[in-house]
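Quick notes on the structure that follows.
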Amino acid sequence: MKKVALFIFLTFAAAACSKPDESRETYYNPIVKPENENRILDLSYGNDPAQKMDLYLPAGRQTDKTKVFIIIHGGGWYTGDKVDVENQVFLLRNTFPDCAIANINYRLATAESLGFPKQINDLQQAVSYLNAKYTDYHIGRQYAMLGVSAGAHLAMLYGYKYNLGNQVKAICSIVGPADFSDPNYEQNALFSNGVNYLVGSYAHYSENPSLYNAASPVKQITSASPKTIMFYGNADPLVPETQIELLKNKLDQYNVYNESYVYDVGHANWTPDQFNDINLHIAEFFKSKF
């Protein structure tokens with residue numbers, strides 16, 4: 001176990017400390033043979049230039065059987081890029097070499113074009129694309145979603161409300177906002193920054209509760225919701241620690257399997273030991289629940 005833990009940390013740390021590869025090729029092989037590993041970068045899943053994914057296909061994959069991870073970057077809904085979470089791609093490719101991985105970009109929010117619901121629409125379109133192409137890429141139609149910050153919010157919201165056919169089987173939320181009705185969000189920087197790009201310029205939840213509830217993953221949880229693992233910091237200035245309690249309590253209420261972990265840290269500024277612990281939990285969760 002110590003050897004595995006060290007490997008997971010070193011691979012994560014190496015990727016996290018490296019800069020994005022600016023020489024990455026964009027290519028598409030129209031004959032994607034299942035016996036060969038294949039990497040398709042900046043693959044369009046929609047007509048908008050932002051609707052692209054990096055698709056990693058393992059060797060020996062099988063149509064309708066090979067499971068797929070979908071990774072969703074953060075950035076407050078209005079910034080960020082899939083290159084920001086290439087460390088998670090690196091980790092998952094090493095830990096789950098038989099799974100495919102789709103690392104997606106989505107349309108970023110602006111003051112004129114809010115994130116909700118267009119970013120959920122992008123996730124729907126990405127999943128629909130993979131569903132339509134599953135025989136071409138020789139993959140299955142069972143998905144797990146891993147998101148960071150705003151990406152974790154989108155993963156949960158999609159998985160709890162828009163998961164048609166229950167194709168998303170498991171979710172990993174890393175410091176994901178879960179419930180915008182939480183009073184601890186009042187006077188929080190997240191309201192005056194990111195959330196305004198998500199749902200609009202409202203100073204308080206009470207100004208438009210129906211909209212905030214529609215964008216809150218916790219409000220969508222049912223007994224059919226995917227298994228969930230969550231990681232939060234108890235000194236996070238953006239996502240209150242109370243979010244983890246609200247999320248866990250609602251999942252428990254509907255008997256949805258979940259794991260929750262809180263660290264002495266702010267907004268995902270983990271120490272090396274915390275990185276290692278988080279990645280071990282992620283690996284074990286997906287091995288047993290996906």
Side-chain angles (χ1 to χ4, degrees), residues 12 71-77 80 85 88 91 116 144-161 163 168-191 193-195 198-199 205 209 212-271 273-286 288-290:
F12 185 92
I71 303 179
I72 310 166
H73 71 80
W77 300 284
V85 286
Q88 292 294 344
L91 172 68
F116 181 74
M145 288 186 168
L146 184 152
V148 179
S149 194
H153 161 266
L154 294 172
M156 290 188 290
L157 186 59
Y158 180 90
Y160 298 157
K161 184 175 183 180
N163 184 20
V168 177
K169 303 297 183 183
I171 294 172
C172 174
S173 168
I174 301 175
V175 295
D179 187 353
F180 297 128
S181 70
D182 184 355
N184 288 291
Y185 267 136
E186 297 293 333
Q187 307 303 320
N188 187 287
L190 191 61
F191 265 96
N193 292 293
V195 168
L198 180 68
V199 296
Y205 165 84
Y212 276 116
N213 287 341
S216 294
V218 161
K219 305 297 185 182
Q220 323 307 326
I221 292 172
T222 69
S223 58
S225 294
K227 301 176 180 67
T228 303
I229 188 170
M230 62 196 91
F231 302 94
Y232 289 86
N234 59 14
D236 192 331
L238 297 177
V239 181
E241 184 184 359
T242 47
Q243 291 287 286
I244 194 170
E245 182 180 357
L246 292 166
L247 177 56
K248 178 172 177 53
N249 287 347
K250 193 64 172 292
L251 290 168
D252 287 343
Q253 178 185 337
Y254 283 93
N255 297 312
V256 177
Y257 179 88
N258 66 89
E259 298 178 22
S260 57
Y261 301 93
V262 180
Y263 297 86
D264 294 325
V265 72
H267 193 67
N269 54 334
W270 321 104
T271 67
D273 285 343
Q274 290 168 339
F275 267 130
N276 192 38
D277 190 61
I278 288 168
N279 292 326
L280 285 172
H281 286 306
I282 290 174
E284 292 304 316
F285 172 76
F286 283 131
S288 63
K289 305 303 178 186
F290 178 47

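We number each residue from 1, following the sequence as shown.
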Problem set entry | Pairs touching residues 239-256 that satisfy salt bridge (charged side-chain N to carboxylate O under 4.0 Å, His left out), sequence neighbours left out | Lys248-Asp252
For this session: For the pair His267 (side chain) and Ser149 (backbone), establish whether a donor and an acceptor sit closer than 3.5 Å, ignoring hydrogens and angles.
Result: no
Exercise. Counting only N and O atoms by type, is there a donor-acceptor contact under 3.5 Å from the side chain of Gln220 to the main-chain atoms of Asn213?
Worked result: yes
Decide yes or no for [X] and [Y]: does some side-chain heavy atom of the first lie under 4.5 Å from some side-chain heavy atom of the second?
{"X": "Phe286", "Y": "Ile282", "value": "yes"}
{"X": "Ser173", "Y": "Tyr232", "value": "yes"}
{"X": "Tyr261", "Y": "Ile278", "value": "no"}
{"X": "Tyr257", "Y": "Leu251", "value": "no"}
{"X": "Leu247", "Y": "Ile221", "value": "yes"}
{"X": "Leu280", "Y": "Phe275", "value": "no"}
{"X": "Met145", "Y": "Pro226", "value": "no"}
{"X": "Val148", "Y": "His73", "value": "no"}

Shortest non-hydrogen contact from [X] toward [Y]:
{"X": "Asp264", "Y": "Gln274", "value": "O-NE2, 3.5 Å"}
{"X": "His153", "Y": "Ala215", "value": "NE2-O, 2.7 Å"}
{"X": "Gly76", "Y": "Ala150", "value": "N-CB, 3.7 Å"}
{"X": "Val239", "Y": "Pro177", "value": "CG2-CG, 4.0 Å"}
{"X": "Gly147", "Y": "Ala152", "value": "O-CB, 3.2 Å"}

For this session: Kindly indicate, with the supporting measurements, whether the criterion side chain to side chain contact (heavy atoms under 4.5 Å, CB included) is fulfilled by Trp77 and Val195.
Result: CA-CA 8 Å; Trp77 300 284; Val195 168; 3.9 Å; yes
For this session: Take Asn279 and Trp270 through the side chain to side chain contact (heavy atoms under 4.5 Å, CB included) test and state the conclusion after the steps.
Result: CA-CA 11 Å; Asn279 292 326; Trp270 321 104; over 6 Å; no
Problem set entry | Verdict with supporting geometry, Asp236 and Gln243, side chain to side chain contact (heavy atoms under 4.5 Å, CB included) | CA-CA 11 Å; Asp236 192 331; Gln243 291 287 286; over 6 Å; no
Exercise. What residues, two or more places apart in sequence or in another chain, satisfy ring-ring contact (aromatic ring centres under 6.0 Å, His included) together with Tyr254?
Worked result: none
Problem set entry | Selection residues 222-231 - residue pairs positive for side-chain hydrogen bond (donor to acceptor under 3.5 Å, both in side chains), sequence neighbours left out | Tyr160-Thr228
Exercise. Would Asp182 and Tyr205 satisfy side chain to side chain donor-acceptor pair (under 3.5 Å), going step by step from the backbone distance to the final call?
Worked result: CA-CA 9 Å; Asp182 184 355; Tyr205 165 84; over 6 Å; no
Problem set entry | Working for side chain to side chain contact (heavy atoms under 4.5 Å, CB included), residues Asp179 and Tyr185 | CA-CA 9 Å; Asp179 187 353; Tyr185 267 136; 5.9 Å; no
From [X] atom [atom1] to [Y] atom [atom2], the distance as rounded to the nearest 0.5 Å:
{"X": "Ile174", "Y": "Ile72", "atom1": "CD1", "atom2": "CD1", "value": "11.5 Å"}
{"X": "Asn258", "Y": "Ile229", "atom1": "CG", "atom2": "CD1", "value": "9.5 Å"}
{"X": "Lys289", "Y": "Glu259", "atom1": "NZ", "atom2": "CD", "value": "7.5 Å"}

For this session: Using only heavy-atom distances, determine whether the side chains of Tyr263 and Asp277 contain a donor-acceptor pair under 3.5 Å.
Result: yes
